[in-house]
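What follows is one structure encoded as structure tokens, with my remarks underneath.
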Number of protein chains: 2
Amino acid sequence: MSNDCEEFVIHPDNVAHAKKTLEDSNPTELAGFFKLLAGETRIKILLALSEVELCVCDISTTLNAKQSAISHQLRYLRQHRLVKTRRDGKQIFYTLEREHLHPILAQTLAHMKEEEAS
Amino acid sequence: MSNDCEEFVIHPDNVAHAKKTLEDSNPTELAGFFKLLAGETRIKILLALSEVELCVCDISTTLNAKQSAISHQLRYLRQHRLVKTRRDGKQIFYTLEREHLHPILAQTLAHMKEEEAS
DNA sequence: AACACATATGAATGATTGTTCATATGAGTT
DNA sequence: AACTCATATGAACAATCATTCATATGTGTT
């Protein structure tokens with residue numbers, strides 16, 4: 001019935017090392033960051049914005065998705081500083097907030113073309 | 001009532017460009033990849049394995065999590081070729097499958113230390 | 001001021017994902 | 001062969017997340 005392995009340390013050195021590695025990182029933040037990129041709609045938005053500025057309307061046309069779905073995702077991206085907005089009349093234009101773009105994401109977006117091109 | 005913006009193209013050039021960018025990438029695959037990293041438990045497992053080999057028991061001790069939760073996540077990581085296994089008697093040891101580790105993830109794991117250390 | 005358009009948002013619904021419990025499998029030990 | 005330990009897995013449940021619909025806000029136009 002019991003699974004005592006959780007009460008004994010089987011490989012103390014490795015476990016100690018792994019625990020230290022964990023403590024030295026920030027898994028929660030990391031996972032949170034990847035969650036942003038883990039949605040197809042959000043990734044599409046980021047890719048769509050990777051070279052041009054688009055208004056909400058353009059984005060929903062591009063992705064062929066409902067305006068409100070896009071708006072909700074944009075809010076999420078906005079809150080996490082991945083995109084920024086500019087109002088022009090009735091329209092609101094979105095661009096990538098490149099300064100806040102985690103180097104990892106920047107690289108990813110860059111990588112994409114190369115890989116797909118080959 | 002209507003929101004016609006989805007039927008008219010507001011900024012044709014930008015939309016065309018964005019559509020092309022989208023077609024040239026693979027958003028579904030990309031999102032799928034990030035989904036792997038978007039779980040706190042999975043990221044912790046990957047971090048824990050980043051420098052040492054661990055058996056399932058060690059991992060659940062390290063993360064202070066239930067064995068079956070870990071096993072389920074390990075299966076997921078295995079299926080996606082992020083980790084590989086080696087059996088030694090009753091125990092099964094997990095290591096990162098570095099060859100299959102997407103460059104993005106490899107960099108991320110490398111980055112971590114540097115950033116947290118500073 | 002009334003209207004139309006672009007975007008945002010709240011609430012509800014549906015889909016996806018993670019964890020748990022119970023149990024199965026497979027290896028070593030007696 | 002019976003038993004124990006380590007891991008895996010199926011099914012149920014809980015939690016999280018994305019999308020929809022209805023409606024609100026804010027801007028420009030008549």
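Since we're looking at a predicted model, the values are computed, not measured. Lettering follows sequence order; numbering is per chain, from 1.
With distances taken from any side-chain atom of Ser68(B) to the nucleotides dA8(C), dA22(C), dT7(C), the minimum falls on dA22(C). Distances were taken from every side-chain heavy atom of Cys55(B) (C-beta onward) to each of dC21(D), dT7(D), dA8(C); the shortest belongs to dT7(D). The Ile10(A) side chain lies nearest to dA6(D) when the options are dA8(D), dA8(C), dA6(D). Here the nucleotide nearest the side chain of Arg87(A), chosen from dA8(C), dT27(D), dG18(C), is dT27(D). Listed candidates were dG28(C), dG28(D), dT7(D). Nearest to the side chain of Lys90(B) is dG28(C). The Ala69(A) side chain lies nearest to dT19(D) when the options are dT19(D), dA8(C), dC21(D).
Residue ring and nucleobase are not stacked for His72(B) and dT19(C) under a centre distance beneath 5.5 angstrom and an angle between planes beneath 30°.
The two residues Thr21(A) and Glu51(B) come nearest to each other via the heavy atoms OG1-OE1, 3.5 Å. Closest approach of Leu96(A) and Leu49(A) over heavy atoms only: CG-O, 3.7 Å.
The distance between atom CG of Leu36(B) and atom P of dT16(C), rounded to the nearest whole Å, is 17 Å. Between the CZ atom of Arg86(A) and the C1' atom of dT7(C) there is a distance of 15 Å, given to the nearest Å. Taking atom CD1 on Ile45(A) and atom P on dA18(D), their separation rounds to 11 Å, with Å as the unit. Rounding to whole angstrom units, CD of residue Gln91(B) and P of dT29(C) are separated by 12 Å. To the nearest angstrom, P of dT16(C) lies 18 Å from NZ of Lys35(A). Distance CG (Leu74(A)) to P (dA18(D)): 13 Å, rounded to an integer number of Å. Atom CG of Asp58(A) and atom C1' of dA6(C) are 11 Å apart (whole Å). Distance, Tyr76(B) OH to dT9(D) P: 16 Å, rounded to whole Å.
Environment of CZ in Arg81(A): sparse, with no more than 12 heavy atoms of neighbouring residues, nucleotides or ligands closer than 6.0 Å.
For a distance-only test at 3.5 Å, the side chain of Gln67(B) fails to qualify as a donor-acceptor partner of the base of dA6(D).
Using a 4.0 Å heavy-atom distance criterion, Phe93(A) is classed as making no nucleic acid contact.
In this structure, Tyr76(B) has its ring center closer than 6.0 angstrom to the ring center of His80(B).
Both Asp88(A) and Gln73(A) lie near DNA chain D, and the one whose nearest nucleotide falls closer to the 5' end is Gln73(A).
We find that Glu99(B) and Lys84(B) are joined by a salt bridge, their nearest charged nitrogen and carboxylate oxygen being less than 4.0 Å apart.
Dashed line: the shortest gap from a side-chain N or O of Thr41(A) to OP1 or OP2 of dT19(D) is under 4.0 Å. For Arg75(B), no side-chain nitrogen or oxygen approaches OP1 or OP2 of dT7(D) to under 4.0 Å. For Tyr94(B) and dA8(D), the shortest distance from a side-chain N or O to OP1 or OP2 is below 4.0 Å. One finds a side-chain N or O of Arg42(A) lying less than 4.0 angstrom from the OP1 or OP2 phosphate oxygen of dA18(D).
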Open item on the list: For a side-chain hydrogen bond (donor to acceptor under 3.5 Å, both in side chains) check, start with the C-alpha distance between Tyr94(B) and Arg86(B), then their side-chain angles and the critical distance, and finish with the verdict.
Closed with: CA-CA 7 Å; Tyr94(B) 280 80; Arg86(B) 166 177 84 79; over 6 Å; no
